Amino acid sequence: MWVQILGSAAGGGFPQWNCACPNCRGLRAGTLRGKSRTQTQVAISSDSRSWFLLGASPDLRAQIEATQELQPHEGVRQSPIAGALLANADLDHILGLLLLRELQPLRVYSTTSVRGILLENNSMFGMLQRAPSQLTWTDFAPGATFPLLKAAGEDSGLRCRGLSLGMHFPAYVSPTRQSELIAGEASLVLIVESRSGSRLAYLPAVPRIDDMLLDELDSADVLLFDGTFWSDDELILIQGSGATARQMGHVPLSSDEGSLRKLAQLRRPRKIYIHINNTNPMLNEAGPEYGQVRESGWEIAEDGWRFEIQKGP
Ligand SMILES: [Zn+2]
């Protein structure tokens with residue numbers, strides 16, 4: 001299975017347009033040792049020719065233009081992008097769908113609740129279904145394994161499973177509407193497996209780490225894990241107010257209950273942090289947090305990374 005990291009930042013990107021935190025200021029001034037990042041986007045493929053997007057980032061257009069494999073190769077209207085898998089309905093994760101509205105045949109996979117939010121409650125997404133040949137939307141249930149089909153229906157050889165993790169729908173979904181939806185369909189972890197058995201776990205938003213999740217991750221070859229915040233009170237320390245990381249559905253890296261310590265027991269998978277908020281001190285490659293993460297065996301995703309996952313031992 002091939003993996004491309006097109007974007008690795010949390011919502012807002014790095015630097016964020018309205019942010020003058022030490023990281024964003026330092027990056028703009030050229031005084032921070034670190035790299036700019038677009039909003040998180042991953043693409044996967046079994047053959048390096050037909051690609052599936054994990055989510056659809058607001059930066060998707062520029063990310064496609066920066067990635068030769070995702071650009072049209074033959075014909076006047078054609079794309080190597082076969083479709084997208086949605087883990088939730090957060091704006092950072094779905095806005096890019098609207099950038100794919102030029103009548104290209106695509107397949108989108110999501111839970112029934114996420115499809116309902118987008119297609120029934122937000123009429124502009126109807127632009128994705130103007131023509132019968134345009135977009136095929138397939139619902140999946142949490143826990144069920146389903147095949148990823150290319151746009152014309154051919155089996156890609158990739159199998160996916162969504163695990164229910166978060167119970168919160170985005171704030172733009174009204175409380176009344178939320179009460180009609182299934183909470184277990186709100187936010188998922190995506191597990192993708194190739195024909196050879198190589199396994200990728202994609203977890204950009206992890207509200208908590210329990211034993212069931214640890215068991216699941218232990219059988220993965222690569223983790224793309226929630227690296228949003230270093231500490232629970234990170235935004236409050238910088239802004240003077242706001243929500244904690246956990247209130248926003250992200251377990252922080254640091255502390256006894258943080259992901260660095262909780263996932264230290266996982267020996268098998270290659271561990272990569274993704275979805276990194278611009279305030280996270282590990283973005284400073286000269287800082288102690290960056291050193292601690294790297295010494296713990298973790299990598300910190302960067303835009304433009306491309307690698308193949310071979311089946312592990
Ligand atoms: Zn910032």
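If you read the sequence from its start, that first residue is 1, and numbering goes on from there. Numbering of ligands and ligand atoms starts at 1, following listing order. Source: prediction; values computed, not measured.
Ring geometry for F229 versus H250: interplanar angle over 60°, hence perpendicular rather than tilted (30 to 60°).
The number of protein N, O or S atoms lying under 2.8 Å from the Zn ion (ligand 1) is 4.
Looking at heavy atoms from C-beta onward, V42 lies out of side-chain contact with L53 at the 4.5 angstrom threshold.
Applying the 6.0 Å contact sphere to CZ of R49 captures no more than 12 heavy atoms from other residues, nucleotides or ligands.
Between E69 and R306, at least one side-chain nitrogen of the basic residue sits less than 4.0 Å from a carboxylate oxygen of the acidic one, meeting the salt-bridge criterion. Under the 4.0 Å criterion applied to side-chain N and carboxylate O atoms, R246 and E257 are not assigned as salt-bridge partners.
Side-chain rings of F140 and Y109 stay apart, their centers remaining 6.0 Å or farther from each other.
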